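Since this is a predicted model, take the numbers as computed values, not measurements. The basis for the numbers below is simple: all heavy atoms, side chains too, and nothing from hydrogens, waters or symmetry mates.
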Amino acid sequence: MDISGLTIKSFHNALQRKEFSAREATDFYFKRISEDDSVRPFISTLEIQARERADAVDKMLADGDETGPLAGVPMAIKDNILIENTPVTAGSQILKNYFAGYNATVIEKLKKENCVFLGKTNLDEFAMGSSTENSSFHITKNPHDLKRVPGGSSGGSAAAVAGGFSLAALGSDTGGSIRQPASFCGVVGLKPTYGAVSRFGLIALASSLDQIGTLSKTVEDSAIVFDAIKGSDEHDATSDKNEYGATAFFDDDSAKKLTIGVPKEYFSGGMEKETEAEINNALHVFKKNGFTVKKISLPHTKHALSCYYIIMPAEASANLARFDGVRYERNQEAESLPEIYKKTRGSGFGNEPKRRILLGTFVLSSGYYDAFYAKAQKARQLIADDFKRAFAPADYGVDVIFTPTSPTRAFKIGEKTEDPVSMYLSDIFTVPVNLVGLPGLSIPVKKYVVGSGELPVGFQLIGKRFHEKDILNLGMWYEREVGE
Ligand code: GLN
């Protein structure tokens, strides 16, 4: 049986039917990871832990204990999420010998579900990037074309799922880092509402934008993992206190009632021709099935990218101040405190974190704060107001917004590394969602088979705050319509 072709749901069913054991499935994945090094999604693997967990699941099954949908499911975890007593690098040399002292809340939750953690996936250093080329460890390749990037920063997680190295994965998304790699690799990526999932134990990039979310083969799988990781957490004051219901079930009637808004600003040129054609195909699937599709306007979209590239570095520069060689590892011998800082940060951070720390401290510095940071916060409010109008019943009154996920398909390795601004442009359709804290879901336009030579394209569904149910339900409708 080809275990790597399964979804969470079919894996669960096969495990219950004893078609294989959790241990056999885990061994299968580790064999695949060690034998095929063409993609290299992982920074480290967790073989001992994973096998112990799989054995425990097999014992539960043998004892007739009740097990949930995620029991024994092999998952890959982005290497900026803490798993107790295991290495966590955030893709940076500054943390290369660091071990996590505790579990992230999402890990605690998935442990309770008896998930098997295969390993930690590659990412752009501190999640800064759109291609995973900024990792200080190695380059991860796109399983659909090994000359191309998997996207980023959760490129390792997306490539792991697309390449059959893991059944599902966790990523983090500050400006598109789950959705853009999902689009490039032909998998599903969910960035939940800000506050829906605890950020405790996620190495912070920009705290007002970061969210942990899922990468998976199907929308339904993302919903299953999302249901397991969501919920309030006393360790994260920004996590939302309201419990909200399960999302992992399909409801055709309510899907059909959703009104879809299509913002004209996301279709105003600059998109790669092949991407645009695929996006229009996806939109047509909704139109021809009788969905109400409305043209809407989000007029401040044009300010989103510049706004993001002020707020994100500002917050990142503060968050990264903790890596000073005192609280975390010191990489160099030094005589004085300033020398410890200089040497550790000078050699420990790569170019992108340095660029963003400089940018961030500049926009926060006295004399420039009002001109840049305060202005960006005002623009953020205008962008939020646009979305409010789109969803308000008295205004456009749509339930879900449909957009492309990225303006292009996966680009070639090395194509954009010398030009940070062109790299930043690949986030143009994803950053507004983070600035406003809404949930966003990237779905492949169709099933893209690795080896077919086709490069995937994903579209994005944006929902109201804490209405993941809507975008997941509509996504499940779509994948049923076009075939999972
Ligand atoms: N690519 C974006 C950036 O470089 C988004 C990163 C992210 O979402 N972590 O900031």
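Under the ring pair (Phe, Tyr, Trp, His ring centres under 6.0 Å) criterion, F249 pairs with no residue, sequence neighbours left out. Partners of Y98 by ring pair (Phe, Tyr, Trp, His ring centres under 6.0 Å), not counting sequence neighbours, listed by chain and number: Y328. Scored by the side-chain contact (heavy atoms from CB on, under 4.5 Å) test, A314 finds V363, L364, Y373 as partners (sequence neighbours excluded). Judged as a ring pair (Phe, Tyr, Trp, His ring centres under 6.0 Å), and not counting sequence neighbours, the contacts of Y478 are F286, F459. E418 is linked by a salt bridge (Lys or Arg N to Asp or Glu O under 4.0 Å) to nothing, counting only residues two or more places apart in sequence or in another chain. Annotation: side-chain hydrogen bond (donor to acceptor under 3.5 Å, both in side chains) contacts of T89 (sequence neighbours excluded): D79. With sequence neighbours excluded, no residue forms a side-chain hydrogen bond (donor to acceptor under 3.5 Å, both in side chains) with T301. Applying the side-chain hydrogen bond (donor to acceptor under 3.5 Å, both in side chains) rule to H467 yields the partners D470; only residues at least two apart in sequence or on another chain are considered. Checked against side-chain hydrogen bond (donor to acceptor under 3.5 Å, both in side chains), D386 has the following partners two or more places apart in sequence or in another chain: H300, R389. Y266 meets the ring pair (Phe, Tyr, Trp, His ring centres under 6.0 Å) test with F429; sequence neighbours excluded.
The shortest heavy-atom contact between V450 and P143 is CG1-O, 3.4 Å. Between G129 and N134, the shortest heavy-atom distance links the atoms CA-ND2, 3.7 Å. The shortest non-hydrogen separation linking L15 to A22 is CD1-N, 3.5 Å. The minimum heavy-atom distance linking N473 with A255 is given by the pair ND2-N, 3.4 Å. Shortest non-hydrogen contact noted between F42 and H138 is O-CE1, 3.1 Å. A pairwise comparison of heavy atoms in L167 and V161 identifies O-CG1, 4.0 Å as the closest pair.
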* Asked: Taking it one step at a time, do T105 and D236 satisfy side chain to side chain contact (heavy atoms under 4.5 Å, CB included)?
  -> CA-CA 9 Å; T105 298; D236 176 1; over 6 Å; no
* To do: In sequence, state the C-alpha distance, the side-chain angles, and the governing distance for F291 and F402, and then conclude on ring-ring contact (aromatic ring centres under 6.0 Å, His included).
  => CA-CA 12 Å; F291 281 86; F402 174 103; over 10 Å; no
* From CA spacing to verdict: side chain to side chain contact (heavy atoms under 4.5 Å, CB included), L170, V225 -> CA-CA 9 Å; L170 289 187; V225 180; 4.0 Å; yes
* side chain to side chain donor-acceptor pair (under 3.5 Å) assessment of K78 paired with S172 -> CA-CA 7 Å; K78 187 176 181 179; S172 66; 2.8 Å; yes
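At a threshold of 4.0 Å, the pair R355-E352 counts as salt-bridged, since one of the basic side-chain nitrogens sits closer than that to a carboxylate oxygen. A salt bridge does not link K302 to E265: none of the charged side-chain nitrogens sits closer than 4.0 Å to a carboxylate oxygen. A salt bridge is absent between K412 and D145; no separation between the charged side-chain nitrogens and carboxylate oxygens falls under 4.0 Å. Between K464 and D399 there is a salt bridge, since a side-chain N of the basic residue sits under 4.0 Å from a carboxylate O of the acidic one. By the 4.0 Å N-to-carboxylate-O rule, E479 lies too far from K447 to be salt-bridged with it. E47 and R51 are joined by a salt bridge, as a carboxylate oxygen and a charged side-chain nitrogen come within less than 4.0 angstrom of each other.
Listed for the T417 side chain is a donor-acceptor partner under 3.5 Å among the backbone atoms of G414.
Using a 4.5 Å heavy-atom cutoff, the side chains of P404 and F267 are in contact. When side chains are defined from C-beta on, S406 does not count as touching T275, because their heavy atoms never get closer than 4.5 Å. Between K111 and R53, some side-chain heavy-atom pair lies under the 4.5 Å cut-off. In this structure the side chain of V149 never reaches within 4.5 angstrom of the side chain of T132, judged on heavy atoms. Using a 4.5 Å heavy-atom cutoff, the side chains of T214 and I178 are not in contact. At a threshold of 4.5 Å between non-hydrogen side-chain atoms, the residues Q49 and T86 count as touching. By the 4.5 Å heavy-atom criterion applied to side chains, I260 and V398 are not counted as neighbours. Contact annotation: the side chain of T140 approaches that of V39 to within less than 4.5 Å [non-hydrogen atoms, C-beta and beyond].
Checking S157 against T121 by side-chain atom types alone, a donor-acceptor pair falls below 3.5 Å. S208 and R380 are linked by a side-chain donor-acceptor pair at a separation below 3.5 angstrom, with hydrogens and angles left out of the test.
Here the CG atom belonging to L320 is positioned 10.5 Å from the CZ atom belonging to R356, to the nearest 0.5 angstrom. To the nearest 0.5 Å, atom CD of residue Q211 and atom OG of residue S177 are 13.0 Å apart. Taking CD1 of I83 as the start and NZ of K120 as the end, the distance is 5.0 Å to the nearest 0.5 Å. Rounded to the nearest 0.5 angstrom, N122 CG and S44 OG are separated by 10.0 Å. Atom CG in L70 sits 10.0 Å away from atom CD1 in I229 (nearest 0.5 Å). Interatomic distance, CZ of F137 versus CZ of R40, reported as 11.5 Å (0.5 Å rounding).
A salt bridge (Lys or Arg N to Asp or Glu O under 4.0 Å) check over residues 153-178, counting only residues at least two apart or in different chains, returns the pairs D173-R179.
Within the cation-pi definition used here (under 6.0 Å to the ring centroid, within 45° of the axis), K294 does not qualify as a partner of Y396.
Within 6.0 Å of the NZ atom in K256, the count of heavy atoms belonging to other residues, nucleotides or ligands exceeds 12. Applying the 6.0 Å contact sphere to NZ of K230 captures more than 12 heavy atoms from other residues, nucleotides or ligands. Atom CG of N351 is surrounded by 12 or fewer heavy atoms from other residues, nucleotides or ligands within 6.0 Å.
In this structure, the ring of Y308 has its center no less than 6.0 angstrom from the ring center of Y424.
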Show the atom names and distances, to 0.1 Å, of all donor-acceptor pairs under 3.5 Å that link a side chain in residues 180-205 to residues at least two apart or in another chain.
residue: Q180; atom: OE1; partner: G152; partner atom: N; Å: 2.8
residue: Q180; atom: NE2; partner: S130; partner atom: O; Å: 2.9
residue: S183; atom: OG; partner: G458; partner atom: N; Å: 3.0
residue: K191; atom: NZ; partner: L438; partner atom: O; Å: 2.9
residue: T193; atom: OG1; partner: F466; partner atom: N; Å: 2.9
residue: T193; atom: OG1; partner: E468; partner atom: OE1; Å: 3.3
residue: T193; atom: OG1; partner: E468; partner atom: OE2; Å: 2.7
residue: Y194; atom: OH; partner: R199; partner atom: NH2; Å: 3.0
residue: Y194; atom: OH; partner: S207; partner atom: O; Å: 2.7
residue: S198; atom: OG; partner: F200; partner atom: N; Å: 3.0
residue: S198; atom: OG; partner: D233; partner atom: OD2; Å: 2.6
residue: R199; atom: NH1; partner: S207; partner atom: O; Å: 3.4
residue: R199; atom: NH2; partner: T238; partner atom: OG1; Å: 2.8

